[in-house]
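Residue numbers count from 1 along this sequence.
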Amino acid sequence: MPRATPRKTKYPRVYKRDTTRKGRVYDFYVLVDGEQVWTRGDHANLEQAEAHRKQLQYQADHGMLPTAKPRTLAAFVEEDWLPHQEARVARGKLKDSTLYQYRSDVNGRILSDLGEERLDRIDLPRLRRYLDSLTAQGYSNHTVLRIINTVSGILEMARREKLILVNPVADLEKPSPASRTVAPYAFVAASTWAQARAGGRSPWPTFTASGITRSRRTTAASYSSPPSRGCAKASCSRSRG
């Protein structure tokens, strides 16, 4: 089960959360070389958690506590974020298809590009460079936006769990999703019609999956004038000749 959202207690660096297996537990952090190092789920009593925090902080301040390795984005995603998304699917809060897309983005790009970076070192300039690199690799605006939104979801959960102070994606200039347009049917102008008739070509374009191709040669000479407005078929103009 994913960890519940921690809540503040009367001690500034101690947080409480309710779990299914252990009931209420208390998490706390100490500062080691300016970095937050968390101890999670070891205490069911607030006063014991605060006493333990003070002991560890004293050791850290006097060089007696080994420096813990800060969490990377990959560790957070694999240990916390993805299990939480799976639990959301089980609770009906997230669609299976959305979880599938999350996994695709995480395994396809995000972990290989950002996985080894520390959560607290992924800042706005780093994400701007990452966004630009995706665009430079030829990804569409739609794909870049989807990947960045997935990164934002990961960092937002880390922010709520007090692993980082802010979610830098909030200030990132995101691309606009590319509009998908379909080329309208090419109506033949009067001048094009005359040129086609003079050259013995059909003025009607033919279409393939790749777009408009050169018209097939037909008996274009039988067309004496462009079809009238509202005429649904080329045979309308033939009947006038």
Side-chain angles (χ1 to χ4, degrees), residues 1-8 15-29 32 35-44 68-135 137 139-172 174-175 177:
M1 290 292 294
R3 288 195 297 268
T5 302
R7 293 171 289 165
K8 296 180 179 180
Y15 294 80
K16 62 184 177 182
R17 57 188 173 88
D18 297 319
T19 67
T20 302
R21 187 166 59 91
K22 293 184 178 181
R24 176 163 295 180
V25 297
Y26 294 89
D27 306 330
F28 64 85
Y29 70 89
V32 181
E35 304 289 344
Q36 295 181 3
V37 179
W38 284 81
T39 298
R40 302 181 188 274
D42 288 352
H43 296 282
K69 184 178 180 180
R71 298 187 77 186
T72 63
L73 183 137
F76 179 71
V77 166
E78 293 166 356
E79 297 170 7
D80 293 280
W81 188 77
L82 272 179
H84 179 55
Q85 306 312 313
E86 293 167 354
R88 292 180 66 202
V89 171
R91 293 194 294 265
K93 298 294 185 179
L94 187 71
K95 294 181 179 179
D96 286 317
S97 59
T98 303
L99 177 61
Y100 177 84
Q101 188 60 65
Y102 284 164
R103 289 184 179 278
S104 176
D105 290 337
V106 164
N107 296 324
R109 295 297 325 179
I110 295 172
L111 290 187
S112 61
D113 296 337
L114 301 172
E116 296 306 312
E117 300 195 25
R118 287 169 38 172
L119 284 171
D120 59 338
R121 297 288 174 85
I122 302 177
D123 54 12
L124 180 60
R126 177 66 184 94
L127 288 178
R128 176 182 51 75
R129 292 192 298 270
Y130 180 51
L131 187 153
D132 293 344
S133 71
L134 292 174
T135 301
Q137 293 174 55
Y139 288 96
S140 67
N141 283 0
H142 177 80
T143 300
V144 172
L145 184 61
R146 191 190 67 237
I147 293 174
I148 291 298
N149 284 341
T150 302
V151 173
S152 179
I154 296 169
L155 295 179
E156 182 60 24
M157 180 174 170
R159 184 197 65 80
R160 291 197 304 267
E161 298 200 354
K162 311 300 181 182
L163 298 178
I164 56 177
L165 295 178
V166 296
N167 180 358
V169 180
D171 295 322
L172 185 66
K174 300 178 183 179

* Verdict with reasoning, Q137 to R109, per side chain to side chain contact (heavy atoms under 4.5 Å, CB included) -> CA-CA 12 Å; Q137 293 174 55; R109 295 297 325 179; 3.4 Å; yes
* Does any donor atom in the side chain of K174 or N141 lie under 3.5 Å from an acceptor atom in the other side chain? -> no
* **For the student: nearest non-hydrogen atoms of I147 and Y130, plus distance** => CG2-OH, 3.9 Å
* Structure fact -> In this structure, CG of L163 is separated from CZ of R118 (nearest 0.5 Å) by 12.5 Å
* To do: Test side chain to side chain donor-acceptor pair (under 3.5 Å) on R17 and Y26 and set out the steps.
  => CA-CA 6 Å; R17 57 188 173 88; Y26 294 89; over 6 Å; no
* To do: For L119 and L73, work out which heavy atoms get closest and say how close.
  => CD2-CA, 3.8 Å
* To do: Answer yes if the side chains of N167 and S152 hold a donor-acceptor pair under 3.5 Å, and no otherwise.
  => yes
* Identify the residue among L145, T143, V144 that makes a side-chain contact (heavy atoms from CB on, under 4.5 Å) with L134. => V144
* **Aromatic contact, W81 with F76 (centres under 6.0 Å)** => no
* Distance-minimising heavy-atom pair for R71 and D80 -> NH2-OD2, 2.5 Å
* Between D18 and R7, is there a salt bridge with N-O shorter than 4.0 Å? -> yes
* **Student check: side-chain heavy atoms of T72 and E117 closer than 4.5 Å** => no
* **Pair R129 + D113: basic N to acidic O under 4.0 Å** => no
* To do: Enter the distance from T98:OG1 to R103:CZ here, rounded to the nearest 0.5 Å.
  => 13.0 Å
* Asked: In Å, rounded to the nearest 0.5 Å, how long is the span from CZ of R121 to CD of E116?
  -> 14.5 Å
* Check the pair T39, Y29 against side chain to side chain contact (heavy atoms under 4.5 Å, CB included), reporting the backbone distance first and the verdict last. => CA-CA 6 Å; T39 298; Y29 70 89; over 6 Å; no
* If every non-hydrogen atom of P175 is compared with every non-hydrogen atom of L131, which pair is closest and at what distance? -> CD-CD1, 3.7 Å
* What distance separates R159 CZ from I164 CD1, expressed to the nearest 0.5 Å? -> 8.0 Å
* Asked: Which value, rounded to the nearest 0.5 Å, describes the distance between T150 atom OG1 and R146 atom CZ?
  -> 7.0 Å
* Under the side chain to side chain contact (heavy atoms under 4.5 Å, CB included) rule, what do E161 and Y15 come out as? Steps first, then yes or no, please. => CA-CA 10 Å; E161 298 200 354; Y15 294 80; over 6 Å; no
* Asked: Is it true that atom NZ of K95 has more than 12 heavy atoms of other residues, nucleotides or ligands lying nearer than 6.0 Å?
  -> no
* Trace of the side chain to side chain contact (heavy atoms under 4.5 Å, CB included) decision for L155 with L127 -> CA-CA 11 Å; L155 295 179; L127 288 178; 4.1 Å; yes
* If you round to the nearest 0.5 Å, how far is CG of N149 from CG of D105? -> 9.5 Å
